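Numbers here are sequence positions counted from 1. First listed ligand is number 1; within each ligand, the first listed atom is number 1. Worth knowing before you read on, the calculation uses all heavy atoms, side chains too, and leaves out hydrogens, waters and symmetry mates. In this text the structure is predicted, and so the values were computed from the model without any measurement.
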Amino acid sequence: MGTKSVLHAYAVHEPGGRFEPFDYEVGELTANEVEIDVLYCGICHSDLSMRDNDWQFSSYPLVAGHEVIGKVSAVGSGVTNLSTGTLVGLGWHCGYCGHCHACSSGDQNLCQAATGTIIGHHGGFGDKVRADAASVITIPDGLDPKCAGPLLCGGVTVFNPLVQYDVKPTDKVAVIGIGGLGHLALQFCRAWGCEVTAFTASESKREDAMRFGAHHTLNSRNHDAIEAAAGSFDLILSTVNVALDWNLYLSTLKAKGRLHFVGATLEPLDVNVFQLIGGQRSISGSPVGSPQTIGQMLDFAVRHNIAPQVDFFSMTQINEAFDHLKSGNAKYRIVLSN
Ligand SMILES: [Zn+2]
Ligand SMILES: [Zn+2]
């Protein structure tokens, strides 16, 4: 009893700080926990927001990292679905309460008592990470483990709405923002069978958007072009974290269309309610997905050759990698390798 071990990680000690080597002690695994040897860990924009305490709920020392790909190195006594050596992934959540209405309904990602991998818990920027087995996903054959990390958070975040709202292959879908989330959204929506339009502010991303699967692009700085697209889309996925002229975008929805947020804008939405009432349009948002949806998304990604475009850094270059993310030059996700 009482065996302790030391895990080696990188932590920031204050908002906006640099990551420094950080060792922390852990006790024996609980019955339902597993320990994962981290092979790769993606850097998500949320890691940057958490580093800088943008959302006011970071706790320090903060070991971020919630797009983990690794091998199970130890399992708790009650774990039956995973064994040592299995290639697995871990995303935004590292545990669920397991018995609330959301959990019992298969919506564990909506569990109000879920544990965030980097919220009051040490994440994947290190040699090992721990998580409840229920939140750990087996990586299917055919997925390149080097690039798979960003699918565990970014990927499922843009895939989940397609499942939740029963999006049809005949639907016309638009994606706002061609970045870490948007370049994955374009790939998933295209493979889903939809007619896909990318809203993009930079001409330089136009070709990339087409390469990721957009059939059309619309310059989001061209007011007239957007006005001309009135009544076009069944679904708009917003992946940006800045305020836009939402009423202009609402006008591009068909009747019964939906403007859906997966990017977190901190500014309140300025919305003309008549746009919603007149066309029975909806505004909604969603977080990552349930473990089942993550598994489904990974299978779909294998089948359709969907993969994030990744800039690689070694784990020891974590601060350079964050500088790269913050500069806005990452194309389009970043992965750290051990
Ligand atoms: Zn994330
Ligand atoms: Zn729950």
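In this structure, R190 fails the cation-pi test against F212, since its NZ or CZ atom is not both closer than 6.0 Å to the six-membered ring centre and inside 45 degrees of the ring normal.
Salt bridge status for R211 with D208: present, with a side-chain N to carboxylate O gap under 4.0 Å. A salt bridge links K128 with D37: the distance from a Lys NZ or Arg NE/NH1/NH2 to an Asp or Glu carboxylate oxygen falls below 4.0 Å.
The side chain to side chain contact (heavy atoms under 4.5 Å, CB included) with W92 is formed by just one residue from the set I294, T157, I118; it is I118.
Here C103 contributes SG and C111 contributes SG, and at the Zn ion (ligand 2) these two atoms make an angle of 100°, given to 10°. Angle NE2(H66) to the Zn ion (ligand 1) to SG(C44): 110° [nearest 10 degrees]. Rounded to 10°, the angle formed at the Zn ion (ligand 2) by SG of C100 and SG of C97 is 110°.
None of the N, O or S atoms belonging to H45 lies under 2.8 Å away from the Zn ion (ligand 1).
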